[in-house]
2 protein chains.
Amino acid sequence: MSTPLPQFPKPQEPAAEPVLMEFATPAEAPQLRADAARNRARLLEAAARLVERHGVANVTMEAVAAAAEVGKGTVFRRFGDRTGLLTALLDHTEQQFQTAFIGGPAPLGPGASPLERLHAFGCRALRLTSDQLDLYLAAEPSPTRRFSSAPYRVRFMHVCMLLRQAEPAADIELLAQTLMGYLEPALVHHLTRQRGMPLERLESGWHDLVDRTVRPSAGRHLPGA
Amino acid sequence: MSTPLPQFPKPQEPAAEPVLMEFATPAEAPQLRADAARNRARLLEAAARLVERHGVANVTMEAVAAAAEVGKGTVFRRFGDRTGLLTALLDHTEQQFQTAFIGGPAPLGPGASPLERLHAFGCRALRLTSDQLDLYLAAEPSPTRRFSSAPYRVRFMHVCMLLRQAEPAADIELLAQTLMGYLEPALVHHLTRQRGMPLERLESGWHDLVDRTVRPSAGRHLPGA
DNA sequence: TCTTTAAACGGACCTCGGTCCGGTTTATTG
DNA sequence: CAATAAACCGGACCGAGGTCCGTTTAAAGA
């Protein structure tokens, strides 16, 4: 009845709490076995090639496995699920972004005011998303995992930090979620592709939103957070 | 190569533009054939029963068909896909909500100020979502259709209308999407179930958010909307 | 170098959402 | 009350994501 050996030791995400101070790929580097590392690289390369050629929607997990000359089980062992593989495809870009807003030059990185950094953060995020919209869309985790994914958490924590500095008198966490919501790939897709808005309008919208929400003004309904 | 007869005349959603002034079930009443109507009722009843007994996650389309003593094809002909069936399950509640905020008593309906109505709208939406969270979560359409679903559009248009009255100097559409984002089932799930926040805090957050965003204050970055 | 063991491998297999299409039922019309 | 057309029905069928488990293999220790 019970499976004593969890023969699938769960690849990504180590736990749920450790959170902070770790980047997207949490403990993935813990030296893989040589063959595993080689196959991982092959899979990512094959996936990237197929996605570029046929569009992410027409790429099946089996096709990726075949193109990488690897068994199907290997793909899932390494990346967990389709979302995991697609997320890994975006990992390089995401890492760059993280490095930029954590330690890079102003106005994105430290050196500018929290408010300026927040403005810059949203614009950059919007651009990244819009540049690889299909991929970001397809990589979206299931609704119940969206907020637990490593990349999301890193961005979220950063927004929280900026908000704490810029707007201490607020329910930071809720405000941050609201702002993050504006940057969601699904929304960007809807506005740009289905409603035909230019990206510039989304950017203006972000600036406006930030100006409205982050502004010292004792909100009347503040709970004891 | 081509299928001259689209033997599946597409059940839900009539088009993409007609929008306004039609409720959730658009042109679904257009008298179904007697047997079709009977089967539809059976299916909804069976689905509701199974969902209540086993939880929405453990209910397959085939099981619903079997429980309703109907072929599998019939389910999909009637409801399009799983999302369609689940949405139909929520339809009654949603209709009530719509009636309430369109023509019901204040503060939700007309009679109160736009701002008050907006405050009430969010609280009611949060409660509804939280009351049947699992169902709302499972009924969530794919990311590319979320914003096109009939129930979403009705809510969205309403928020737009209220915003136009309360805050003419803003990019209404973007602001409305932001507010709607705060009410998303996925977010409610995360905050209440994964982060353990009480619903009251979400409500306070909504009030605060509305107070912040809808407030006459010439935002500096307004585009020519 | 040989043994050992935990990790990795691969592909058959399962489940479930969604589609197809030949046969059936309902409603309309002459 | 036939006849005709449109809508409906059902269940075999398909594709893709995800799992299982017997086999292989890289790496650490004797």
Side-chain angles (χ1 to χ4, degrees), chain A residues 1-12 27-28 30-43 46-47 50 54 56-87 138-142 145, chain B residues 1-12 27-43 47 50 54 56-87 138-142 145:
Chain A
M1 206 46 123
S2 64
T3 315
L5 301 186
Q7 83 289 8
F8 250 48
K10 286 277 175 137
Q12 309 293 87
E28 192 169 18
Q31 76 277 0
L32 289 170
R33 237 171 61 173
D35 52 349
R38 179 191 44 125
N39 283 342
R40 187 188 135 90
R42 273 193 193 176
L43 282 167
L50 291 184
H54 301 107
V56 64
N58 303 314
V59 175
T60 73
M61 297 301 271
E62 201 145 18
V64 173
E69 298 179 284
V70 140
K72 192 180 177 182
T74 303
V75 190
F76 287 95
R77 155 170 291 271
R78 189 57 44 207
F79 297 103
D81 58 12
R82 184 182 161 85
T83 291
L85 174 61
L86 265 24
T87 302
E140 195 88 335
S142 74
R145 286 175 206 161
Chain B
M1 207 48 120
S2 65
T3 314
L5 301 186
Q7 83 288 6
F8 249 48
K10 285 275 175 141
Q12 308 293 87
E28 192 170 17
Q31 77 277 1
L32 288 171
R33 238 171 61 172
D35 52 349
R38 179 189 46 120
N39 283 343
R40 187 188 135 89
R42 272 194 193 177
L43 282 167
L50 290 184
H54 301 106
V56 63
N58 302 315
V59 175
T60 72
M61 296 301 271
E62 203 144 16
V64 173
E69 299 180 283
V70 140
K72 191 180 177 183
T74 303
V75 190
F76 286 96
R77 155 171 290 273
R78 189 57 44 207
F79 297 103
D81 57 13
R82 185 181 160 86
T83 290
L85 174 61
L86 265 24
T87 302
E140 195 91 333
S142 73
R145 285 174 207 164

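Throughout, a chain's letter reflects where its sequence line sits, starting with A, and its residues are numbered from 1. Just so it is clear, the model here is predicted, and its values are computed rather than measured.
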Show each protein N/O and nucleotides 15-18 of chain D N/O combination with a separation under 3.5 Å, one pair to a line.
{"residue": "dG17(D)", "atom": "OP1", "partner": "R82(A)", "partner atom": "NH1", "Å": "3.2"}
{"residue": "dG17(D)", "atom": "OP2", "partner": "M61(A)", "partner atom": "N", "Å": "3.0"}
{"residue": "dG17(D)", "atom": "N7", "partner": "K72(A)", "partner atom": "NZ", "Å": "3.2"}
{"residue": "dG18(D)", "atom": "OP2", "partner": "R82(A)", "partner atom": "N", "Å": "3.0"}
{"residue": "dG18(D)", "atom": "N7", "partner": "K72(A)", "partner atom": "NZ", "Å": "3.3"}
{"residue": "dG18(D)", "atom": "O6", "partner": "K72(A)", "partner atom": "NZ", "Å": "2.4"}

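Taking side-chain N and O atoms only, R78(A) has a distance below 4.0 Å to OP1 or OP2 of dC9(C). For T74(B), a side-chain nitrogen or oxygen approaches OP1 or OP2 of dG10(D) to under 4.0 Å. Phosphate proximity of dC9(C) to N39(A): present, with a side-chain N or O under 4.0 Å from OP1 or OP2.
The CG atom of L86(A) sits 11.0 Å away from atom CD of E140(A), with the distance rounded to the nearest 0.5 Å.
When the side chain to side chain donor-acceptor pair (under 3.5 Å) test is applied to R33(A), the partners found at least two apart in sequence or on another chain are D35(A).
For the pair F79(B) CZ and dC8(D) P, the computed distance is 12 Å after rounding to whole Å. One can place CZ of R77(B) at 12 Å from P of dC20(C), the figure rounded to the nearest angstrom. The separation between L86(B) atom CG and dG17(C) atom C1' is 13 Å, rounded to whole Å. Going from atom CZ of R40(B) over to atom P of dA7(D) covers 18 Å, rounded to whole Å.
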Original post:
Which string of ( ) [ ] | and . matches DNA chain C, if you list each base 5' to 3' and count Watson-Crick or G-U pairs only when both distances are under 3.5 Å?
Top reply: ||||||||||||||||||||||||||||||
Pair up each side-chain donor or acceptor in residues 58-71 of chain B with any protein partner under 3.5 Å, not counting sequence neighbours, and list the distances.
{"residue": "N58(B)", "atom": "ND2", "partner": "H54(B)", "partner atom": "O", "Å": "2.9"}
{"residue": "T60(B)", "atom": "OG1", "partner": "A63(B)", "partner atom": "N", "Å": "3.0"}

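Of all heavy-atom pairs spanning F76(B) and R82(B), the tightest one is CE2-N, 4.5 Å. Listed here is the closest heavy atom pair of A139(B) and T83(B): O-CG2, 3.3 Å.
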Original post:
In B/S/- notation, 5' to 3', how is nucleotides 25-30 of chain D contacted by protein heavy atoms closer than 4.0 Å?
Top reply: BSS---
**OP:** Applying side-chain contact (heavy atoms from CB on, under 4.5 Å), run through R38(B) and L32(B) and close with a yes or a no.
**Re:** CA-CA 9 Å; R38(B) 179 189 46 120; L32(B) 288 171; over 6 Å; no
